[in-house]
Amino acid sequence: MKCPYCGFKESKVVDSRPTEEGSSIRRRRECLSCAKRFTTYETVESMPMVVVKRDGSRQTFDRRKLVNGMLRACEKRPVSVAQLEKIGEEIEQDLQNSLEREVSTKHIGELAMDKLKNIDEVAYVRFASVYRQFKDINTFMRELNKLMDEDKK
């Protein structure tokens with residue numbers, strides 16, 4: 001850490017503690033050249049996650065959009081907003097943990113469908129019908145048949 005007084009590039013940490021908000025660490029440092037003290041703050045660098053859409057356009061990940069899409073699929077179903085918020089948080093955490101900075105809407109949709117399938121099959125089919133853009137009743141029926149085959153196992 002470069003000293004703000006003399007420009008020397010080495011210092012020692014005298015004291016270290018979290019800030020009141022807990023979002024960063026405050027460090028008191030002492031320059032090894034001029035012995036003057038100064039304060040630095042250390043924070044986690046957050047990298048924005050970019051979503052690559054079907055048309056190739058890119059936008060930053062927005063958990064609210066994901067939750068709203070699942071909310072529409074769960075309309076008039078026994079699924080609470082809290083459950084959907086939790087799923088949204090889990091998906092966002094999974095994406096952050098993957099360390100990929102660009103993620104496709106296809107991948108996000110698959111994660112959401114996997115989670116919805118476990119809590120409400122009707123919501124899952126609704127979400128899948130929009131997400132996978134079912135073109136006709138046959139496509140819809142194939143998805144339903146797959147779901148029913150999995151239930152039999």
Side-chain angles (χ1 to χ4, degrees), residues 1-134 143 146-147 150-151 153:
M1 182 62 62
K2 188 171 144 182
C3 174
Y5 303 105
C6 70
F8 192 68
K9 293 187 179 183
E10 292 185 37
S11 62
K12 68 177 180 179
V13 175
V14 178
D15 181 46
S16 183
R17 66 181 73 168
T19 58
E20 288 179 21
E21 313 87 46
S23 59
S24 60
I25 295 176
R26 178 184 183 271
R27 298 196 194 283
R28 287 293 294 160
R29 296 177 177 271
E30 184 177 303
C31 177
L32 295 177
S33 176
C34 69
K36 289 190 178 180
R37 291 187 173 190
F38 58 99
T39 303
T40 61
Y41 292 89
E42 183 179 312
T43 59
V44 174
E45 182 179 14
S46 63
M47 297 288 291
M49 193 172 337
V50 176
V51 177
V52 181
K53 300 179 85 176
R54 282 189 178 123
D55 65 1
S57 64
R58 288 167 165 70
Q59 57 184 226
T60 54
F61 176 80
D62 183 0
R63 182 172 11 128
R64 285 291 345 140
K65 284 185 175 183
L66 174 62
V67 172
N68 286 338
M70 291 187 298
L71 196 57
R72 284 190 298 275
C74 293
E75 216 168 271
K76 298 181 182 177
R77 299 298 304 157
V79 179
S80 70
V81 174
Q83 283 177 296
L84 298 177
E85 288 285 347
K86 184 173 183 279
I87 289 171
E89 287 173 15
E90 288 172 1
I91 291 172
E92 184 175 22
Q93 193 61 53
D94 289 347
L95 295 172
Q96 290 287 349
N97 291 344
S98 75
L99 303 178
E100 294 292 326
R101 291 300 107 210
E102 286 192 356
V103 62
S104 69
T105 53
K106 181 180 187 327
H107 183 62
I108 295 170
E110 294 293 334
L111 291 172
M113 285 190 302
D114 286 345
K115 303 266 186 199
L116 283 173
K117 188 187 294 186
N118 295 328
I119 62 166
D120 189 283
E121 290 177 339
V122 172
Y124 160 76
V125 172
R126 286 179 179 173
F127 190 88
S129 71
V130 172
Y131 168 72
R132 291 197 175 139
Q133 299 176 335
F134 292 165
E143 192 65 32
K146 272 195 331 194
L147 192 58
E150 288 176 11
D151 281 349
K153 293 178 184 176

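With sequence neighbours left out, Arg27 forms a side chain to side chain donor-acceptor pair (under 3.5 Å) with Ser16, Glu42. Legend: residues meeting side-chain contact (heavy atoms from CB on, under 4.5 Å) with Lys36, ordered by chain and number and at least two apart, are Tyr5, Cys34. With sequence neighbours left out, Glu110 forms a salt bridge (Lys or Arg N to Asp or Glu O under 4.0 Å) with Arg132. Residues forming a side chain to side chain donor-acceptor pair (under 3.5 Å) with Thr40 (at least two apart in sequence, or on another chain): Arg29. Partners of Asp15 according to the salt bridge (Lys or Arg N to Asp or Glu O under 4.0 Å) rule, which considers only residues two or more places apart in sequence or in another chain, are Arg17. Not counting sequence neighbours, the partners of Lys86 by the salt bridge (Lys or Arg N to Asp or Glu O under 4.0 Å) test are Glu90. Under the salt bridge (Lys or Arg N to Asp or Glu O under 4.0 Å) criterion, Arg26 pairs with no residue at all, not counting sequence neighbours. Listed by chain and residue number, Lys53, Ser57 satisfy the side-chain contact (heavy atoms from CB on, under 4.5 Å) test with Asp55 (two or more places apart in sequence, or in another chain). In this structure, the side-chain contact (heavy atoms from CB on, under 4.5 Å) partners of Leu111, at least two apart in sequence or on a different chain, are Ile91, Leu95, His107. With sequence neighbours left out, the side chain to side chain donor-acceptor pair (under 3.5 Å) criterion links Ser33 to no other residue. In this structure Arg58 satisfies the side-chain contact (heavy atoms from CB on, under 4.5 Å) test together with Val50, Val52, Glu102, sequence neighbours excluded.
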With a 3.5 Å cut-off and sequence neighbours excluded, list the donor-acceptor pairs that the side chains of residues 68-78 form with protein atoms.
unit_1 : atom_1 : unit_2 : atom_2 : d
Asn68  : OD1    : Arg64  : NH2    : 3.4
Asn68  : ND2    : Arg64  : O      : 3.2
Arg77  : NE     : Asp120 : OD1    : 3.1
Arg77  : NE     : Asp120 : OD2    : 3.3
Arg77  : NH2    : Asp120 : OD2    : 3.2

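Of all heavy-atom pairs spanning Pro48 and Thr60, the tightest one is CB-CG2, 4.5 Å.
In this structure, the separation between CZ on Phe38 and NZ on Lys2 is 11.0 Å, given to the nearest 0.5 Å. Taking CG from Leu84 and CD1 from Ile119, the interatomic distance works out to 5.5 Å, rounded to the nearest 0.5 Å. Taking CG of Asp94 as the reference point, atom CD1 of Ile87 lies at 11.5 Å (rounded to 0.5 Å). One finds the SG atom of Cys31 at 12.0 Å from the CE atom of Met1 (value rounded to the nearest 0.5 Å). Rounding to the nearest 0.5 Å places CG of Leu116 at 10.0 Å from CD of Gln83. Going from atom CZ of Arg28 over to atom OG of Ser11 covers 11.0 Å, rounded to the nearest 0.5 Å.
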